[in-house]
Amino acid sequence: MQIYNTLERAVVPFVPNDPERVTVYLCGPTVQSEPHLGHGRSAVAFDVLWRYLEWIGYSVVFVRNVTDVDDKIILRANESGQTTAEVASAAFDAFTRGYDKLGNWRPTLEPRATENIDEMIAMIEKLIDRGVAYESDGDVYFSVRSFEGYGKLSRHDLDDLRTGDRVEPGAQKHDALDFALWKAAKPGEPQWESPWGAGRPGWHIECSAMAVRYLGDGFDIHGGGTDLIFPHHENEIAQSEAASGTTFARYWMHNGMLNLLGEKMSKSTGHFITLLESLEEWDPMAVRLFYLRTHYRKPLDFSRSALDDAESSLGRLRAFRRRTSPALGPKAEVGVLEEFRAHMDNDLDVAGALSVIFEAVRAANAKLDAGEDADDLVAAVNETLAVLGLDIDDRTVDDVDISDLAADLGVPASSVDGLVAARNTARDDRDFELADAIRDGLAALHITIEDTADGTRWHRD
RNA sequence: GGCGACGUGGCCGAGUGGCUAGGCAAGGGUCUGCAAAACCCUGUACGCGGGUUCGAAUCCCGCCGUCGCCUCCA
């Protein structure tokens, strides 16, 4: 398999440290408020990476952190009169609900920053011992210029960074480029005891400490959004490698941003569409498909029509499922699997992989129309869709109240099935007026009827 | 100002030198009482200008345009 390594700015062969086991660390959210659609994209992109790695035979340890202490959470807590823990917990639940609905696997581990303070303090102490960090008025800063490789991920030259106008100089810093490892406590803020007095950790140190704690130095893949490349990931590398003297992460993968009206969705500017609302408005699997149709590294534009389009496209797959068996697996058509794999091996060309699936669907439909056996193709479609995490099985249908409809039509039926049976009786009697009235009535309740050679089916649209 | 992406048919979007991606929408057809679903057919695109090559959407140069990062951010 080949993946694009941001560190090298190139698609390169992926060779994990351990030939059987892959370690992945993904930067998770700051749990300050509800997730937006962009968070879902990142989670899905790396969920597919995970599923694919498992499919080609690796066992994966997948860690995604939870940032549950930071300025914004504190701000929100103060505004709402809640504790920071309450704010974080509520937001975390919303993230989990969204991620689950999208069909993502839950991470192997989901460590929280506040549960790893000791590890962070230990790493900071090591950095001070090595002379690359310094304490100043209860704060601790990392001395950026002391780390030779600084800028190797983001390709920034230290002297090109516009330190004057955008980076806060900060009186306690020796150099405007230095960043905080530890912040002295302010009244009313969450705080922990440390060798430098009460305080809380800086943002970057948590990922370094947790990644190394759970995966060890030199783990395989570190992921996140492109917006994290600088400064977050650059700083993670600096502090981790300065502390350990060895490689922090071997491959860096970054997903592209989700844009709204041509601009990046961003929580802080209020320029976003929330994930949970979108998952109400559209089939969650359509949202997933919407993400998947664009390569994970490219910017993706949100639009209602794009989601509608994805939903129609998904409808094709759901219709396919209705006429086939979800159970087939072992005898999948090898040609389809190989083509699928060739695309996925190429830095997760999911869009290309989807084209293989859709071609297989068309071929299988043609065979079924001709009365031929299509089990191999169906099995291949089932298997590959599962690798992409696209669940096209019938959604559970809530009880639909059809009593009013039955009464209006004068049909003695108490269920959808009863109405469908009544319609078929009407059709046998060539009473198409009644038959169509039943169908139209059900359509108004979002129930679509399909008459097939094997009888009449219905489903929720 | 620095660094970096990207510009593909009505729309969305693959494509890492030669072999009609795929999806959605549209038109025509087959099937069906009519639908739904499905299948078949139709649409010849690659920002602009140069160059390399037998051959470029794919490589090189220039230009135009859009976006991202340089500040919290998936």
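Everything quoted here is computed from the prediction, not taken from an experiment. Every chain is numbered from 1 and lettered A, B, ... according to where its sequence line falls, protein lines coming before strand lines.
- Along RNA chain B, the nucleotide closest to A:S313 and the one closest to A:R41 are compared, and the more 5′ of them pairs with A:S313.
- A donor and an acceptor atom sit less than 3.5 Å apart, one in the side chain of A:D451 and one in the base of B:C34.
- For the salt bridge (Lys or Arg N to Asp or Glu O under 4.0 Å) with A:D71, the lone residue among A:K186, A:R200, A:R76 that qualifies is A:R200.
- The residue A:A366 sits close only to the backbone: its heavy atoms come under 4.0 Å of sugar-phosphate atoms, none of a base.
- Not one N or O on the side chain of A:T294 forms a donor-acceptor pair closer than 3.5 Å with the backbone of A:F290.
- Rounded to whole Å, atom P of B:C24 lies 21 Å from atom CG of A:D301.
- Under the 3.5 Å distance criterion, the side-chain polar atoms of A:R288 are matched with a main-chain donor or acceptor of A:L102.
- The nucleotide whose nearest atom lies closest to any side-chain atom of A:K72 is, among B:G33, B:C72, B:A38, B:C72.
- Using a distance-only test at 3.5 Å, with no hydrogens or angles considered, no donor-acceptor pair links the side chain of A:E372 to the main chain of A:A370.
- In this entry the distance linking CG of A:D440 with C1' of B:G33 reads 14 Å, nearest Å.
- Protein atom CD of A:E206 is 14 Å distant from nucleotide atom P of B:C72, rounded to whole Å.
- The C1' atoms of B:A25 and B:G43 are separated by 12 Å, rounded to the nearest whole Å.
- Test A:C207, A:P107, A:S208 against A:Y25 for side chain to side chain contact (heavy atoms under 4.5 Å, CB included) and you get one pass: A:C207.
- At distances below 3.5 Å, at least one donor-acceptor pair connects side-chain atoms of A:E311 with backbone N or O atoms of A:D283.
- A:D393 and A:R321 are joined by a salt bridge, as a carboxylate oxygen and a charged side-chain nitrogen come within less than 4.0 angstrom of each other.
- At the heavy-atom level, A:D349 lies under 4.0 Å from the strands shown only through sugar-phosphate atoms.
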Check nucleotides 5-7 of chain B for protein N or O atoms closer than 3.5 Å to its own N or O atoms and list the pairs.
none

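- Heavy atoms of A:S266 sit under 4.0 angstrom from at least one base atom.
- Within the 4.0 Å cut-off from OP1 or OP2 of B:C69, at least one side-chain nitrogen or oxygen of A:K264 is found.
- Toward the 5' end of RNA chain B, the nearer of the two residues A:H459 and A:Y296, judged by each one's closest nucleotide, is A:Y296.
- Taking every side-chain heavy atom of A:C27 into account, B:A74 is the closest of B:C39, B:A74, B:G23.
- Among B:A37, B:G68, B:C34, the nucleotide with an atom closest to any side-chain atom of A:T226 is B:G68.
- Here the separation of B:A38 from B:U8, taken at their C1' atoms, is 30 Å to the nearest Å.
- Using a cut-off of 4.0 Å between Lys/Arg side-chain N and Asp/Glu carboxylate O, A:K173 and A:D139 are scored as not salt-bridged.
- Comparing the same atom, C1', in B:U44 and in B:C63 gives a spacing of 28 Å after rounding to whole Å.
- Counting only distance, with no hydrogens or angles, the side chain of A:E234 and the backbone of A:K152 share a donor-acceptor pair below 3.5 Å.
- Note on A:H232: nothing from the nucleic acid sits closer than 4.0 angstrom, heavy atoms only.
- Checking the phosphate oxygens (OP1, OP2) of B:A35, no side-chain nitrogen or oxygen of A:R427 falls inside 4.0 Å.
- A:R321 comes within 4.0 angstrom of no nucleic acid atom, judged by non-hydrogen atoms across all strands.
- In this entry the distance linking CZ of A:F358 with C1' of B:A37 reads 15 Å, nearest Å.
- Residue A:F432 places its side chain closer to B:G33 than to any other of B:G33, B:G22, B:G13.
- B:U16 and B:A5 have their C1' atoms separated by 16 Å, with the value rounded to a whole Å.
- Taking atom CG of A:D369 as the reference point, atom C1' of B:C39 lies 5 Å away to the nearest angstrom.
- A salt bridge between A:K367 and A:D376 is absent, with no side-chain N of the basic residue lying under 4.0 Å from a carboxylate O of the acidic one.
- No hydrogens or angles were tested; on distance alone, a donor-acceptor pair under 3.5 Å links the side chain of A:D309 to the base of B:G23.
- A salt bridge does not link A:D93 with A:R97: none of the charged nitrogens is closer than 4.0 Å to a carboxylate oxygen.
- Residue A:R362 is in sugar-phosphate contact alone, with no base atom involved, counting any heavy-atom pair closer than 4.0 Å across all strands shown.
- Distance from the side chain of A:P231 is smallest for B:C72 among the nucleotides B:A38, B:G23, B:C72.
- In this structure, A:N255 reaches the bases: a heavy-atom distance under 4.0 Å links it to at least one base atom across the strands shown.
- Between A:R318 atom CZ and B:C24 atom P there is a gap of 15 Å when expressed in whole angstrom units.
- Within the nucleic acid shown, A:S303 has no heavy atom closer than 4.0 Å to any nucleic acid atom.
- For A:L307 and B:C12, the CG to C1' distance is 11 Å, given to the nearest whole Å.
- A donor-acceptor contact shorter than 3.5 Å is absent between the side chain of A:D345 and the backbone of A:Q2.
- No donor-acceptor distance shorter than 3.5 angstrom exists from the side chain of A:S42 to the backbone of A:G225, with no hydrogens or angles considered.
- Taking atom CZ on A:F290 and atom P on B:C12, their separation rounds to 12 Å, with Å as the unit.
- Pairing analysis of RNA chain B (Watson-Crick: purine N1 to pyrimidine N3 plus N6-O4 or O6-N4; G-U wobble: N1-O2 and O6-N3; both under 3.5 Å) yields stems of 3 or more pairs at B:1-7 with B:64-70, B:10-12 with B:22-24, B:26-30 with B:38-42, B:47-51 with B:59-63.
- Side-chain atoms of A:R439 and base atoms of B:C34 include a donor and an acceptor less than 3.5 Å apart.
- A cation-pi arrangement is present between A:R297 and A:Y4, with the terminal nitrogen or guanidinium carbon under 6.0 Å from the aromatic centre and inside a 45° cone about the axis.
- Residue A:G223 is out of contact with every strand shown, counting any heavy-atom pair closer than 4.0 Å.
- Straight-line distance between the C1' atoms of B:C3 and B:U20: roughly 39 Å, to the nearest whole Å.
- Under 4.0 angstrom from either OP1 or OP2 of B:A38 there lies at least one side-chain N or O belonging to A:R316.
- OP1 or OP2 of B:C67 has not a single side-chain nitrogen or oxygen of A:N259 nearer than 4.0 Å.
- A salt bridge links A:K101 with A:E280; the closest basic N to acidic carboxylate O contact falls under 4.0 Å.
- Using a distance-only test at 3.5 Å, with no hydrogens or angles considered, a donor-acceptor pair links the side chain of A:H39 to the main chain of A:H36.
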Table of protein N/O atoms under 3.5 Å from nucleotides 16-21 of chain B N/O atoms:
residue: B:U16; atom: O4; partner: A:N346; partner atom: OD1; Å: 2.6
residue: B:A21; atom: O2'; partner: A:E359; partner atom: OE2; Å: 3.3
residue: B:A21; atom: N3; partner: A:S355; partner atom: OG; Å: 3.4

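- The residue A:G38 sits close to a base: some heavy atom pair falls under 4.0 Å.
- Counting non-hydrogen atoms under 4.0 angstrom, A:L258 reaches a base of the nucleic acid.
- Here A:I229 lies out of heavy-atom contact (under 4.0 Å) with every strand.
- Relative to the side chain of A:S312, the nucleotides B:G33, B:G22, B:A25 differ in distance, and B:A25 lies closest.
- Comparing atom distances between the A:D436 side chain and each of B:G33, B:A38, B:A37 picks out B:G33 as nearest.
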